[in-house]
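From a predicted model like this one, the values you see are computed outputs, not experimental measurements.
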Amino acid sequence: MLEPAADYRDVDAEHRALREACGLFVPSRIRGLEMTGEDRARFLGGLVTCEVKSLAPGAGAYGFLTQVKGRVLADVTVLALPDRLWLALPASEADVIAEHLGKYVIVDRVEIRPLAGLLPLALIGPGAAAALAGVELPETLYGHGEADVHGVRTRVVREADLGTPAWTLWAPEDEAAALAERLREHGVRRVGGRAWDRLRVEAGRPLFGQDFGPDHFPQETGLEAEAVSYSKGCYLGQEVVARIHYRG
């Protein structure tokens, strides 16, 4: 089992690796759900601020799940696969969000369950592409695809830039430690949460549960342009979010 760590005794060196080379971070704050069923895109589109229904397989989007009064329940990255959607959520809210989503499944052909057996690994830094040599990397933000990464079948996701390129590797949990070791052999340094947090703050990337949370509207996060579509149609809390946008 690959365990996260706060640091590996030298935060400054870990931070330099993220900035100048490549670092591998285990993000304990992220958990996944998967959604299957014919109505999955329409159903989820009625509960999130980002456009979901138009996502083709291999595309993704970042947005917020909002409550009826427009406040943020959690942020979410939605990945479209041919027969399902993956949702990457704050680990602290994953069970609450699963229950929240389930509450709205009435006649919809939708099933929601944990994304079991997979562990997200964050690969960050200008040296990431070299460490993933031979892998066809997605070019668009939140684009993703399956790839063989040093012998491990992995889903590679392009994440928002943190002042340096960032990727998430969703790897089988029982192979994650072996993959981390193979990446280390290709010059990747293990980094802890403190170095990653420093990089995130420098990039001005807010974190749910720390910089914003259930008391905030999407416009208060600084992520509105990326996370909120004003042309997608109705979703839970949309009227309040739209009123703030258009009327202030």
Side-chain angles (χ1 to χ4, degrees), residues 26-67 71-106 108-122 138 140-146 154-160 166-173 176 205-209 212-214 218 221 223 226-229 232-238 241:
V26 181
S28 60
R29 290 175 175 264
I30 297 177
R31 273 179 57 193
L33 298 176
E34 69 174 359
M35 186 177 292
T36 57
E38 295 179 31
D39 298 330
R40 61 189 182 276
R42 180 193 58 76
F43 171 79
L44 183 61
L47 295 166
V48 294
T49 61
C50 57
E51 178 58 71
V52 173
K53 289 191 289 185
S54 64
L55 292 179
Y62 175 83
F64 300 116
L65 288 140
T66 46
Q67 42 96 301
R71 297 186 189 273
V72 174
L73 292 172
D75 62 342
V76 59
T77 301
V78 182
L79 306 179
L81 282 69
D83 61 346
R84 64 198 62 222
L85 297 172
W86 283 9
L87 282 63
L89 297 154
S92 61
E93 307 303 309
D95 292 339
V96 173
I97 294 301
E99 183 178 350
H100 168 74
L101 295 173
K103 183 172 62 177
Y104 290 96
V105 178
I106 302 173
D108 306 275
R109 290 165 292 185
V110 174
E111 293 184 14
I112 304 159
R113 54 183 170 266
L115 186 58
L118 294 175
L119 184 71
L121 307 176
T140 58
L141 184 61
Y142 304 116
H144 56 97
E146 271 198 338
T154 304
R155 182 160 296 274
V156 181
V157 185
R158 188 182 191 97
E159 299 290 352
W167 308 86
T168 295
L169 313 180
W170 286 89
E173 199 168 22
R205 188 76 185 182
L207 183 66
F208 180 88
F212 69 96
T221 67
L223 298 170
E226 179 183 339
V228 182
S229 168
K232 69 179 289 282
C234 293
Y235 57 87
L236 190 68
Q238 179 262 347
V241 175

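Contact record, Glu159 with Thr168: OE2-OG1, 2.7 Å, taken as the closest heavy-atom pair. Closest approach of Tyr142 to Ala160, counting heavy atoms only: OH-CB, 3.6 Å. Nearest heavy atoms, Phe208 versus Pro214: CZ-CD, 4.1 Å. Closest approach of Pro120 to Pro27, counting heavy atoms only: O-CD, 3.1 Å. Closest approach of His144 and Ala59 over heavy atoms only: NE2-O, 2.9 Å. Listed here is the closest heavy atom pair of Phe43 and Tyr104: CE1-O, 3.4 Å.
Side chain of Thr49 to main chain of Ala227: a donor-acceptor pair is present (N/O by atom type, distance under 3.5 Å, no hydrogens or angles). In terms of modelled atom types and a separation under 3.5 Å, the side chain of Arg158 and the main chain of Pro138 share a donor-acceptor contact. Judged by distance alone, the side chain of Lys232 and the main-chain N or O of Val48 form a donor-acceptor pair under 3.5 Å. Of the possible donor and acceptor atoms, one in the side chain of Thr66 sits under 3.5 Å from a partner among the backbone N and O of Leu236.
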Task: From CA spacing to verdict: side chain to side chain contact (heavy atoms under 4.5 Å, CB included), Leu118, Arg155 - done: CA-CA 10 Å; Leu118 294 175; Arg155 182 160 296 274; over 6 Å; no

TODO: Show the numbers, then the answer: is there a side chain to side chain contact (heavy atoms under 4.5 Å, CB included) between Leu141 and Glu226?
DONE: CA-CA 10 Å; Leu141 184 61; Glu226 179 183 339; 4.2 Å; yes

TODO: Using the side chain to side chain contact (heavy atoms under 4.5 Å, CB included) rule, take Leu121 and Thr154 through it: C-alpha gap first, then chi angles, then the decisive distance, then the call.
DONE: CA-CA 10 Å; Leu121 307 176; Thr154 304; over 6 Å; no

Task: Derivation and outcome, side chain to side chain contact (heavy atoms under 4.5 Å, CB included), residues Met35 and Val78 - done: CA-CA 10 Å; Met35 186 177 292; Val78 182; over 6 Å; no

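Between Leu44 atom CG and Leu55 atom CG the span is 9.0 Å, to the nearest 0.5 Å.
Note on ring orientation: taking the six-membered ring where Trp is involved, the planes of Phe64 and Phe212 are perpendicular (angle over 60°, cut-offs 30° and 60°).
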